[in-house]
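Remember, it's a predicted structure, so these values are computed and weren't measured experimentally. Both backbone and side-chain heavy atoms feed into the values below; hydrogens, waters and symmetry mates do not.
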Amino acid sequence: MQLVVARIGRAHGIKGEVTVEVRTDEPELRLGPGAVLATEPSAVGPLTIEAGRVHSGRLLLRFEGVRDRTAAEALRNTLLIAEVDPEEVPEDPEEFYDHQLIDLDVVTRDGTEVGRIAEVSHLPYQDLLVVRRPDGGEVLIPFVAEIVPEIDLDAQRAVIDPPPGLLDDSQAEIATGRATTDEDS
């Protein structure tokens with residue numbers, strides 16, 4: 001099974017290094033020297049990692065055969081994909097691979113059916129569960145412990161504790177603006 005582990009950002013310096021947006025909780029395992037990664041678009045790869053280092057809090061990688069800034073810049077926005085055994089699970093029991101979450105039933109704490117996870121969207125600051133509702137609509141659920149307190153892989157379900165308005169707009173709590181005065185009227 002294939003797992004997206006990073007997206008290549010812009011070139012760094014003149015010797016072929018690139019910044020990467022890491023999309024794995026195990027970068028030392030998936031993005032280490034010698035790792036051979038498939039790519040999307042596939043015509044760019046496969047790419048073999050020659051070296052990696054952290055610079056100013058960002059991971060920089062250099063690939064075999066990529067020796068200058070022009071070649072590095074041509075890789076920008078390429079997805080790096082690792083081949084993963086489908087039976088493999090993360091070491092931390094609170095972490096999950098996307099394929100483990102897709103198709104889980106989503107229910108609220110009281111057992112109300114919400115839908116089924118169709119996709120996991122990885123954003124820079126948090127992940128979102130894209131849940132297909134029984135009526136065909138979608139709802140985006142922030143994948144944080146306060147909202148998704150339980151993932152039960154054996155029961156094939158995710159239990160959520162949604163804040164008001166997440167599932168039903170009519171329940172949304174509207175923050176009040178500034179107080180009105182006679183001058184505003």
TODO: Test side chain to side chain contact (heavy atoms under 4.5 Å, CB included) on V18 and V66 and set out the steps.
DONE: CA-CA 10 Å; V18 294; V66 178; 5.8 Å; no

Residue pair [X] / [Y]: nearest heavy atoms and the distance that separates them:
X: P33; Y: A51; answer: CG-CA, 4.5 Å
X: G115; Y: P134; answer: CA-CD, 4.1 Å
X: E73; Y: A11; answer: OE1-N, 3.3 Å
X: P46; Y: V36; answer: CB-CG1, 4.0 Å

Open item on the list: One pair to check against side chain to side chain contact (heavy atoms under 4.5 Å, CB included): T112 and V107. What are the steps and the verdict?
Closed with: CA-CA 5 Å; T112 303; V107 297; over 6 Å; no

Contact between [X] and [Y] at the side-chain level, heavy atoms closer than 4.5 Å - yes or no?
X: V139; Y: V114; value: yes
X: H55; Y: E17; value: no
X: I117; Y: V130; value: no
X: D105; Y: E113; value: no
X: L104; Y: R157; value: no
X: L128; Y: P142; value: yes
X: I14; Y: D68; value: no

Interatomic spacing from [atom1] in [X] to [atom2] in [Y] - rounded to 0.5 Å:
X: L80; Y: E40; atom1: CG; atom2: CD; value: 11.5 Å
X: I8; Y: F63; atom1: CD1; atom2: CZ; value: 4.0 Å
X: Q156; Y: Q100; atom1: CD; atom2: CD; value: 9.5 Å
X: L60; Y: K15; atom1: CG; atom2: NZ; value: 13.0 Å
X: I81; Y: R7; atom1: CD1; atom2: CZ; value: 13.5 Å
X: L47; Y: L75; atom1: CG; atom2: CG; value: 6.0 Å

Task: Test: R58 and E21 ion pair at under 4.0 Å - done: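 Judged by the 4.0 Å cut-off on N to carboxylate O distance, R58 and E21 do not form a salt bridge.
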
Task: Verdict with reasoning, L166 to I141, per side chain to side chain contact (heavy atoms under 4.5 Å, CB included) - done: CA-CA 8 Å; L166 183 66; I141 310 277; 3.9 Å; yes

Please tabulate, one pair per line, all N/O donor-acceptor pairs under 3.5 Å involving side-chain atoms of residues 145-155, not counting sequence neighbours.
residue: D152; atom: OD1; partner: D154; partner atom: N; Å: 3.1
residue: D152; atom: OD1; partner: A155; partner atom: N; Å: 3.0

Open item on the list: Please check if the number of heavy atoms outside R10 that lie under 6.0 Å from its CZ is greater than 12.
Closed with: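 No, the 6.0 Å shell around CZ holds no more than 12 heavy atoms from other groups.
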
- [ ] Look at the side chain of T108 and the backbone N and O of D161, then say whether any donor-acceptor pair between them is shorter than 3.5 Å.
- [x]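 Looks like no, no N/O pair under 3.5 Å.
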
Task: Side-chain donor/acceptor of E64 to backbone N/O of T48, under 3.5 Å - done: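 Pair absent, no side-chain N/O of E64 close to backbone of T48.
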
Task: Hydrophobic cluster membership, V20 vs L79, 4.5 Å side-chain cutoff - done: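 No, because V20 and L79 fall into different hydrophobic clusters, even though each may have its own neighbours under 4.5 Å.
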
Open item on the list: Is there a continuous path of hydrophobic side-chain contacts, each under 4.5 Å between heavy atoms, that joins V159 to L129?
Closed with: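 Not linked; separate clusters.
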
Open item on the list: If the condition is salt bridge (charged side-chain N to carboxylate O under 4.0 Å, His left out), which residues does R69 pass it with, not counting sequence neighbours?
Closed with: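 With sequence neighbours excluded, R69 shows a salt bridge (charged side-chain N to carboxylate O under 4.0 Å, His left out) to no residue whatsoever.
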
Task: Worked check of side chain to side chain contact (heavy atoms under 4.5 Å, CB included) between R133 and L167 - done: CA-CA 10 Å; R133 308 286 306 254; L167 301 178; 4.3 Å; yes

Task: Test side-chain hydrogen bond (donor to acceptor under 3.5 Å, both in side chains) applied to E50 - qualifying residues, sequence neighbours left out - done: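 With sequence neighbours excluded, E50 shows a side-chain hydrogen bond (donor to acceptor under 3.5 Å, both in side chains) to R62, R67, given in chain and number order.
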
TODO: Applying side chain to side chain contact (heavy atoms under 4.5 Å, CB included) between L37 and each of L61, L31, V4, T78, report the one that passes.
DONE: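 Only one option passes, and that is L31.
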
